[in-house]
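One-based numbering along the sequence shown.
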Amino acid sequence: MQEIMQFVSAHPILSVAWIVLFVAVVVMTFKSRFSKVKEISRGEATHLINKEDAVVVDTRTREDFRRGHITNAINLTPSDLKSGSLGELAKFKGQPVIIVCANGTTARESGEHVVKAGFDRVFTLKDGIAGWVADNLPLARGK
């Protein structure tokens, strides 16, 4: 314990950074555990798409979407979802919704906005499009 106190007194900025990092990890863990938006694997996503007619919402930019997206995905930006501008997504309230971003880090927040809009089954794709591409799964181009 004495060594810890010496370290803290000798390196206060580094000590505060470690505490902030620890708190951030704990908060993110609790948020993901109690969120209505669940993260799913690519295998689970393909099952939902093929067997339960899940709707894929790609939150990347229009240019990134055109370069390659999951077949039949809807392109809505995070700001669209935040403002409640759901466009054609609104007609799919009874179906599962899979939110996809570039690498899986920003999709949860967009998913929370979709849940607030009244959707019950909202998921995020683990590792986003980057994981999809890494598994050599197909992408559609254009649109």
Query raised in the report: Are side-chain heavy atoms of D80 and T77 found at a separation under 4.5 Å?
Result: yes
Requested in this report: State, with a plain yes or no, whether a side-chain heavy atom of L76 is found less than 4.5 Å away from one of T59.
Outcome: no
Requested in this report: Could you pull out all residues at least two apart from F92 that satisfy ring pair (Phe, Tyr, Trp, His ring centres under 6.0 Å)?
Outcome: none
**Report entry** Student check: side-chain heavy atoms of P96 and E52 closer than 4.5 Å
**Finding:** yes
Query raised in the report: Just wondering, do K38 and V122 contact through their side chains at under 4.5 Å, heavy atoms?
Result: no
**Report entry** Check: I99 and V37 side chains under 4.5 Å, non-hydrogen atoms
**Finding:** no
Report summary line: Output for pair (D64 CG, C101 SG), nearest 0.5 Å, gives 11.0 Å
Query raised in the report: Measuring from S9:OG to I4:CD1, what's the distance to the nearest 0.5 Å?
Result: 12.0 Å
Query raised in the report: Should I74 and D58 count as side-chain neighbours, where that means a heavy-atom distance under 4.5 Å?
Result: no
Query raised in the report: What pairs with N103 under side chain to side chain donor-acceptor pair (under 3.5 Å), at least two apart in sequence or on another chain?
Result: T105
**Report entry** Fellow cluster residues of V100, listed by chain then number, with links counted only when side-chain atoms sit under 4.5 Å apart
**Finding:** I40, L48, I49, V56, I70, I98, F123, L125, I129, W132, V133, L137, L139
Query raised in the report: Is a donor on one side and an acceptor on the other found under 3.5 Å between the side chain of R141 and the backbone of R67?
Result: yes
**Report entry** Any R121 side-chain heavy atom under 4.5 Å of Q95 side chain
**Finding:** no
Query raised in the report: Shortest non-hydrogen contact from L81 to S110?
Result: CD1-CB, 3.6 Å
Query raised in the report: Roughly how far, to the nearest 0.5 Å, is the NE2 atom of H69 from the CZ atom of R62?
Result: 8.5 Å
Requested in this report: Identify the heavy atoms of K93 and F119 that sit nearest to each other, and give their distance.
Outcome: CA-CE2, 3.4 Å
Query - Residues R42, D127; criterion salt bridge (charged side-chain N to carboxylate O under 4.0 Å, His left out); working and verdict - result: CA-CA 9 Å; R42 289 167 290 285; D127 300 325; 3.6 Å; yes
Query - ring pair (Phe, Tyr, Trp, His ring centres under 6.0 Å) partners of H11, counting only residues at least two apart - result: F7
Report summary line: Across all chains, not counting sequence neighbours, the side chain to side chain donor-acceptor pair (under 3.5 Å) partners of E112 are S35
Query - Atom pair OG1/NZ of T46 and K51 - distance to nearest 0.5 Å - result: 10.0 Å
Query - From CA spacing to verdict: side-chain contact (heavy atoms from CB on, under 4.5 Å), V57, V114 - result: CA-CA 10 Å; V57 176; V114 173; 6.0 Å; no
**Report entry** Atom pair CD (E109) and OG1 (T124), whose distance is rounded to the nearest 0.5 Å
**Finding:** 12.5 Å
Requested in this report: Run through the side-chain heavy atoms of Ile, Leu, Val, Met, Phe, Trp and Tyr, join any pair under 4.5 Å, and report what else lands in V25's cluster.
Outcome: none
Query raised in the report: Should we say atom CG of L21 is surrounded by more than 12 heavy atoms from elsewhere, each under 6.0 Å from it?
Result: yes
Report task. Answer yes or no: does atom CD of E44 have more than 12 heavy-atom neighbours from other residues, nucleotides or ligands under 6.0 Å? Result -> yes
Report summary line: dist R66:CZ -> T61:OG1 (nearest 0.5 Å) comes out at 9.5 Å
**Report entry** Nearest heavy-atom neighbours spanning S85 and S83
**Finding:** OG-OG, 3.1 Å
